[in-house]
J.: 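Would you mind keeping the following structure in view while I ask a few things?
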Number of protein chains: 2
Amino acid sequence: MERTLVNKLANNLNKEIKLQGWIHKIRKLGKIAFLLLRDRTGIVQCVINTKEINLDGLKLESVIELTGIACKSYNDEKNYEIQTKSLEILSIVKEDIPLEVNKDTLDSNLDTILNNRVLSLRNLKINAIFKIEAAIAHGFSKFLLDNGFTEIFTPKIVSDGAEGGTELFKVDYFGRNAYLAQSPQFYKQMLVGAGYERVFEIGHVYRAESHDSKRHINEFVSLDLEMAFIKDETDLINFETNLLKYIFDYLKTNCKNELEILNVSIPTITNGIPMLSLSKAISILQEEYNKTDLTNDIDHEGEELISKYAKEAFNSDFIFLTHYPKSKRPMYTMPDENGTTTHSFDLIFRGIEITTGGQRIHNYEFLKENIVKKGLSPKDFSSYLNIFKYGMPPHGGLAIGLERLTYRLLELDNIREAVLFTRDKTRLNP
Amino acid sequence: MERTLVNKLANNLNKEIKLQGWIHKIRKLGKIAFLLLRDRTGIVQCVINTKEINLDGLKLESVIELTGIACKSYNDEKNYEIQTKSLEILSIVKEDIPLEVNKDTLDSNLDTILNNRVLSLRNLKINAIFKIEAAIAHGFSKFLLDNGFTEIFTPKIVSDGAEGGTELFKVDYFGRNAYLAQSPQFYKQMLVGAGYERVFEIGHVYRAESHDSKRHINEFVSLDLEMAFIKDETDLINFETNLLKYIFDYLKTNCKNELEILNVSIPTITNGIPMLSLSKAISILQEEYNKTDLTNDIDHEGEELISKYAKEAFNSDFIFLTHYPKSKRPMYTMPDENGTTTHSFDLIFRGIEITTGGQRIHNYEFLKENIVKKGLSPKDFSSYLNIFKYGMPPHGGLAIGLERLTYRLLELDNIREAVLFTRDKTRLNP
């Protein structure tokens with residue numbers, strides 16, 4: 001007999017079927033037991049005559065195969081239950097499991113949840129997080145494919161940091177020093193110039209930052225894109241707005257169940273996303289919230305307050321901050337005509353930066369000059385810099401942190417809840 | 001005016017349009033010049049009156065914006081050309097470019113091609129390779145999503161090697177020793193057990209092997225999948241067969257142009273893929289090819305010869321080798337009932353192994369025993385081993401090397417031609 005999935009019971013009413021899955025719960029009432037079987041698609045109640053099938057000592061979370069007749073539920077016409085005929089144990093649990101995974105909400109602390117990752121993921125709410133995260137990545141990739149982008153796979157072992165800098169993990173590469181890539185920045189620009197024009201990558205990036213906050217991890221998935229023939233950063237801002245709308249619609253269609261389980265409301269983006277220049281944002285923070293410690297950058301408290309402001313003033317969960325000063329942006333960022341700010345932006349979502357983006361410099365001499373102005377040496381960037389000699393179109397791009405977007409979208413307490421296996425200063429296991 | 005792409009000319013006949021792209025070729029004939037403009041979708045001839053538009057000194061591969069009227073081609077009714085009105089240079093090339101990218105086939109050697117990656121990728125044939133490679137990855141992901149799989153993102157910084165071993169790149173992780181993952185093996189098994197049942201990952205894996213062959217690179221993209229509730233390895237073999245059929249159909253639909261440019265014929269899989277046990281394959285190699293140096297494994301020459309045999313005997317580009325001996329498989333491989341071979345297989349495609357797969361052990365005691373038998377210590381695998389205590393379904397999986405599949409599918413000379421930016425013993429740049 002072929003296996004039937006729990007979400008296909010409607011097609012198999014009054015037939016004998018075979019189910020496979022985990023024992024979610026058992027409740028005994030005299031000679032009758034009600035066993036909840038859980039598979040990847042749902043949970044179904046199986047009615048068992050304990051005189052015929054002995055359940056003594058059978059522990060929760062054991063893996064079983066069960067045959068029976070699929071019926072309408074006795075108590076709930078819209079639901080199904082199984083009149084069990086046979087039960088076989090495929091994988092037995094001998095010890096009591098250390099987490100009550102069948103609870104609505106796991107009441108363990110984050111460390112216990114992460115240490116027992118495989119078990120905590122069996123909890124329906126925690127399980128749903130990663131189906132949504134995967135769907136965000138698919139929505140991203142689908143929108144870009146529909147818009148003429150080519151997916152790229154670029155190296156994560158690199159000889160230098162893209163941002164010319166610090167906070168790199170060092171790799172012993174056949175006796176040579178190498179590093180883990182902080183971003184695919186140089187490679188995606190190079191591939192725009194290679195004629196693909198529009199490229200995207202979904203891949204791990206690495207930051208050896210040693211802070212220990214709710215919103216930082218050291219290995220994360222970056223949703224990166226880069227596109228040629230843009231006018232300026234406003235093309236990117238509009239593009240990201242449409243991209244996010246698409247992803248949210250994709251989630252509403254493809255993750256109905258999971259969104260319900262987590263009781264999440266997806267933000268609606270109706271008339272675009274509001275924008276403020278960074279300097280305007282800083283003066284709003286001064287005037288409205290008496291936050292006077294910012295000059296030409298924004299800190300985490302500032303991000304939270306400006307999100308609050310965006311919600312109150314524009315009824316928006318998102319806000320673009322634009323015109324970051326040259327001093328705060330990497331050497332490849334296109335300066336504004338005024339010479340002090342840049343064609344760049346951040347996107348703040350519910351109190352946290354989820355995107356940095358902007359137009360890049362595409363002129364060889366100008367880029368070389370800018371590298372020198374930043375106190376860096378053009379020699380160190382030669383394989384990147386050289387491509388600008390041979391016909392590089394105007395271009396720009398952005399990156400979305402997948403775990404950050406998931407973390408804020410689902411309003412989780414800590415970004416680590418949006419990572420299957422967290423890598424941070426202390427955590428290298430499991 | 002909005003930009004028109006070269007592949008949208010048919011919709012804009014006799015209209016004034018704006019094109020953007022690279023100068024692929026220029027041919028001057030008296031007062032008339034024919035400029036081939038190349039964008040990401042194709043190439044179009046632009047007719048230019050050189051009395052009105054001065055092309056002197058304009059080098060190939062410069063990026064231009066051009067306006068003109070889209071017409072049917074004078075010489076070829078099925079084609080289009082542009083009667084140019086204006087031309088603006090967006091990004092100038094000052095030096096002659098070091099590669100003749102507009103040639104049908106680049107005649108440079110591999111090192112030159114890889115050193116000048118951005119330029120070599122502008123060659124139509126080389127450019128097409130990576131559109132096909134991206135489409136293989138999409139086909140893979142689409143088939144798995146349609147079959148109830150969840151995409152996963154697992155850490156590439158790990159505390160131990162999955163295969164318990166050697167050939168690992170070492171990372172300095174906040175002063176602790178860590179390694180780059182050789183495969184997502186343990187994680188994908190853990191996530192099967194976490195209730196997702198069917199998971200896949202498209203991600204980089206790392207092998208610090210120092211050999212220097214046409215078919216090895218040190219960082220590659222692994223198309224990994226793992227699935228629960230299989231009967232044995234034959235379920236995986238059938239699944240991979242259908243997956244490959246799907247990917248090839250996907251390429252035929254989505255990469256028509258690129259397959260034509262590369263003049264590639266996609267293999268057809270009609271009645272499944274032939275299978276041979278490894279021992280049977282070894283005796284065929286002895287009898288048919290007088291290859292007598294194999295006992296219980298196959299080497300590269302053996303893979304090439306058995307492919308030759310598969311072509312001659314079964315008219316197949318693929319062959320599954322099954323029943324590998326226990327001694328040649330990792331500790332998590334499910335042994336056969338006979339105690340000497342395993343429920344595992346390799347898939348050989350046109351002379352090279354592109355997949356290793358098999359059923360895994362799902363019983364805690366049995367796995368622990370097997371770890372000890374392999375001379376390893378269960379303590380070193382505790383975070384992996386522990387999950388088998390709490391209800392692990394029967395399962396198995398496989399991995400396909402993306403670059404290897406591309407390399408053999410396109411019949412390239414070297415796997416490096418199927419990598420955007422190669423990482424090997426000597427190459428860490430660009």
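We name chains A, B, ... by the order of the sequence lines, and we start the count at 1 in each one.
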J.: Which bit of A/L60 comes within less than 4.5 Å of chain B, counting heavy atoms only: side chain, backbone, both or neither?
T.: neither
J.: Shorter than 4.5 Å, heavy atoms on both sides: which option in B/L191, B/L402, B/N116 has the most such pairs with chain A?
T.: B/L191
J.: Name the region of A/N177, side chain, backbone, both or neither, that has any atom closer than 4.5 Å to a heavy atom of chain B.
T.: backbone
J.: Below 6.0 angstrom between ring centroids: does that apply to B/Y179 and B/F169?
T.: no
J.: Quick one: which of B/K59, B/K170, B/H138 has the most heavy-atom pairs under 4.5 Å with chain A, could you say?
T.: B/H138
J.: Just checking, any donor-acceptor pair under 3.5 angstrom between side chains of A/E219 and A/Y206?
T.: yes
J.: With a 4.5 angstrom heavy-atom cut-off, is it the side chain or the backbone of B/V171 that approaches chain A, or both, or neither?
T.: both
J.: Can you tell me which residue among B/I92, B/L90, B/V93, B/L37 is in a side-chain contact (heavy atoms from CB on, under 4.5 Å) with B/V63?
T.: B/L90
J.: Counting heavy-atom pairs closer than 4.5 Å to chain B, which one of A/N127, A/I387, A/N123, A/I202 comes out on top?
T.: A/N127
J.: Could you tell me which portion of B/N7 (side chain, backbone, both or neither) has an atom closer than 4.5 angstrom to a non-hydrogen atom of chain A?
T.: neither
J.: Heavy atoms only, distances under 4.5 angstrom: which of A/H362, A/E133, A/R117, A/R198 has the most pairs with chain B? Name it, please.
T.: A/R198
J.: How would you list, by chain and number, every residue that makes a ring pair (Phe, Tyr, Trp, His ring centres under 6.0 Å) with B/Y196, sequence neighbours excluded?
T.: none
J.: Under 4.5 Å, counting heavy-atom pairs only, tell me which of A/P98, A/A208, A/A194 racks up the most with chain B.
T.: A/A194
J.: Contact part of B/D424 toward chain A, heavy-atom cut-off under 4.5 Å: side chain, backbone, both or neither?
T.: backbone
J.: Just by distance, with hydrogens left out, do A/R427 and A/N115 show a side-chain donor and acceptor under 3.5 Å apart?
T.: yes
J.: Salt-bridged, A/E197 to B/R122, with N to O below 4.0 Å?
T.: no
J.: Can you say whether B/P394 sits under 4.5 Å from chain A via the side chain, the backbone, both, or neither, judging by heavy atoms?
T.: side chain
J.: Would you say the side chains of A/T154 and A/E201 form a donor-acceptor pair under 3.5 Å?
T.: yes
J.: Top residue by heavy-atom pair count (under 4.5 Å) with chain B, among A/I23, A/L145, A/I152?
T.: A/L145
J.: Pick from A/F388, A/F220, A/F130, A/Y384: which one has the most heavy-atom pairs with chain B under 4.5 Å?
T.: A/F130
J.: Minimum heavy-atom separation for A/A228 and A/P393, please, with both atom names.
T.: CB-CG, 3.8 Å
J.: For chain B, find which of A/L119, A/V419, A/D96 contributes the most heavy-atom pairs closer than 4.5 angstrom.
T.: A/L119
J.: Would a distance-only check, ignoring hydrogens and angles, find a side-chain to backbone donor-acceptor pair under 3.5 Å from B/R207 to B/E167?
T.: no
J.: For each of B/T150, B/D172, B/I157, tally heavy-atom pairs with chain A at distances under 4.5 Å, and name the one with the top tally.
T.: B/I157
J.: Non-hydrogen atoms of chain A under 4.5 Å away: do they reach the side chain of B/A137, the backbone, both or neither?
T.: side chain
J.: Non-hydrogen atoms of chain A under 4.5 Å away: do they reach the side chain of B/I89, the backbone, both or neither?
T.: neither
J.: Please give me the minimum heavy-atom distance between B/H395 and B/I361, naming the atom from each residue.
T.: CE1-O, 4.0 Å
J.: Chain A: which of B/G193, B/S62, B/G175, B/A134 shares the most heavy-atom pairs with it under 4.5 Å?
T.: B/G193
J.: Go through B/I126, B/N363, B/L180 and name the one with the most non-hydrogen pairs under 4.5 angstrom from chain A.
T.: B/L180
J.: Could you look at B/Q189 and say if it's the side chain, the backbone, both or neither that has a heavy atom under 4.5 Å from chain A?
T.: neither
J.: Are a donor atom and an acceptor atom from the side chains of B/D380 and B/S382 found within less than 3.5 Å of each other?
T.: no
J.: Backbone N or O of A/V221 within a donor-acceptor pair of the A/E403 side chain at under 3.5 Å?
T.: yes
J.: In terms of heavy-atom proximity below 4.5 Å to chain B, should A/R38 be classed as side chain, backbone, both, or neither?
T.: neither
J.: With only heavy atoms counted, which part of A/H204 is less than 4.5 Å from chain B, the side chain, the backbone, both or neither?
T.: side chain
J.: Top residue by heavy-atom pair count (under 4.5 Å) with chain A, among B/R423, B/E61, B/E151, B/M190?
T.: B/R423
J.: So, does A/D39 use its side chain to make a donor-acceptor pair with the main chain of A/G21 at under 3.5 Å?
T.: no
J.: Which bit of B/V192 is near chain A, if near means a heavy-atom gap under 4.5 Å: side chain, backbone, both or neither?
T.: backbone
J.: Apply side-chain contact (heavy atoms from CB on, under 4.5 Å) to B/S383 and list each qualifying residue two or more places apart in sequence or on a separate chain.
T.: A/N429, A/P430
